[in-house]
Every structure is written in C-alpha cells, then in structure tokens.
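Let me begin by presenting the structure, written as structure tokens, before commenting on it.
Note: hydrogens, waters and symmetry copies are ignored here, and every other heavy atom, side chains too, is used.
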Amino acid sequence: MDKTKLEKELSSYMGRLLRENFGRGPGGVFTVISPPFITVYFKAFLLPLEKALLDKGQVIYVQKTRDLLMETLIEEIKGYIQLNIHLDIEEFYYDWNLELQSGTFIMIHSDKENIANHSYKNQKLLHKEVEEVTQKAEKFPHNVSSYLLDQRTLLIIREGIMVTIEKELVQLGFEENLTLAKRNLEKRLLHEHSQSLEVILDSKVTDILVAWDFHKDKSTILLILNPTS
C-alpha cells in the first residue's frame, strides 16, 4: 500500500477512535508517515462539556480527564498499527492545545530501515534555540535532534533534560502533576521564543505541542508550520 493511502486510512481510524471514545471526533486529522516516525495532528477537537469547563478556568480538569482516557487508547492504537501497517511502536507521545482545540499523537516505530532524509536549512540554529529554551526550563539537554517530516511538520526530540528533583518526583509517583506543570512552563517559554523560531525556519509557527517520557528522560516537540516562502 502506498504512503498516501496509508496516511489517509490512519487518519480515518484516528478520527473514528476519538469519536467513539470522547463522544465527538476532531474536525480534521492529518497523518504523516516518515520512517521511523508517525505523527497525527488533529484540529477542532473540543467537547461542549470541555468548553464549559475551560470557560470556568478548569483547564487542569480537562487535561486530567483526557490523560486518563489516553491510558487505554495508547495500547489500542499500537495494536491497530501493528496489525494493519505491520510496525511495532516503541515510543508513543501525545499532547493537547486546548486553546487552539488541537492535539497530536507522535509515534516512533522499530523499523529503522529506509529512514527518510529529514534535514533542513538552519537546523543547527534551531537546535541552539531549543537548547536555550530547555536550559531555562530544566537544564542544558544532552542531545537535541530534529526532523522535517513534511513542509508543515517539524519534530524535535530532546534527551537528557530532567533535573534531579524531577526524577525524584517521578519516583514518588507525581508523574501526572509534573506533566501538567511542564506543559504550562515549556509551552510558555517556546511561545516566548516563537519569533526566533519563525526567523530560523522562515515559516510561521501555527501550533506547538510538547510531550515527555520521564522514564526515558526524553521529550518531543511538534511544530506545525505555515511556510512563508
């Protein structure tokens, strides 16, 4: 099956899965398959009850409810991809932008053959900018890598970013609270640097989504772009 057809089928599945489990599906789902990565970006995804809660300032309640649902959906998604696309998903990340009513699933699979070329102009400059943001939030990362999956999808991966107190909080079972806190802090810092990111990339940054795997001490940042040239 060709890549475009696979992307369309996976988008349809994701939209159906969200609708069945949340009660309403997203307005649009956009999937990119670029080995070893699969990204799913969805828009116009906010339930009426969630909107009412957000209007009352209950952002954390909405985030916690979605996170609970995702605990069961992740394995279902992995199973679907293994059965239908014959890929084993090794890493799974997700995030929401409730203000923009958007979200993402980011998957990294085990098939490392035929990896696409993801390099792009000013890649090293972008890494320096991300390192600066990360140092403000946690510490200077051990490694930053990035992958331009298509013209509108830039995936950034950071490794070795957690400070000692964060590791201790995870050990004590405060992973959810740490996630909620870091979502606010890191997104705020990234938005503060958005103009610099846009100059480096020569592209408008229309959305920023961030997720973590604390046990791997690893984080993903997904930038949704609107190229200016």
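- Members clustered with L68: none, using a 4.5 Å side-chain heavy-atom cutoff among hydrophobic residues.
- Remark: E175 engages no residue in a salt bridge (Lys or Arg N to Asp or Glu O under 4.0 Å) (not counting sequence neighbours).
- Side chains of Y147 and S145: a donor on one and an acceptor on the other come within 3.5 Å.
- Taking the six-membered ring for Trp and thresholds of 30 and 60 degrees, F105 and Y94 have ring planes more than 60 degrees apart, a perpendicular arrangement.
- When only modelled atom types and interatomic distance are considered, Y13 and N84 share no side-chain donor-acceptor pair under 3.5 Å.
- Ring geometry, W212 versus F214: the interplanar angle falls under 30°, so the pair is classed parallel (tilted spans 30 to 60°).
- By the side chain to side chain donor-acceptor pair (under 3.5 Å) test, N143 pairs with E159, sequence neighbours left out.
- By the 6.0 Å contact criterion, NZ on K43 is open, its count of non-hydrogen atoms from other residues, nucleotides or ligands being 12 or less.
- A heavy-atom distance below 4.5 Å is not found between the side chains of T65 and L53.
- The hydrophobic cluster around I60 extends to L180, counting ILVMFWY residues whose side-chain heavy atoms fall within less than 4.5 Å of a member.
- Side-chain contact check for F37 versus V32: every heavy-atom pair is 4.5 Å or farther apart.
- You'll find the side chain of V205 reaches within 4.5 Å of the side chain of L225, heavy atoms only.
- Remark: L98 pairs with L46, L54, V59, V62, Q63, R66, W96 by the side-chain contact (heavy atoms from CB on, under 4.5 Å) rule, at least two apart or across chains.
- In the displayed structure, E99 atom CD is contacted under 6.0 Å by at most 12 heavy atoms of other residues, nucleotides or ligands.
- In this structure D67 satisfies the salt bridge (Lys or Arg N to Asp or Glu O under 4.0 Å) test together with R183, sequence neighbours excluded.
- Remark: E7 engages K3 in a salt bridge, criterion side-chain N to carboxylate O under 4.0 Å.
- In this structure, K128 does not pair ionically with E131, as no charged nitrogen and carboxylate oxygen lie closer than 4.0 Å.
- Inter-residue side-chain proximity for D207 and Y41 is flagged as met; some heavy-atom pair is nearer than 4.5 Å.
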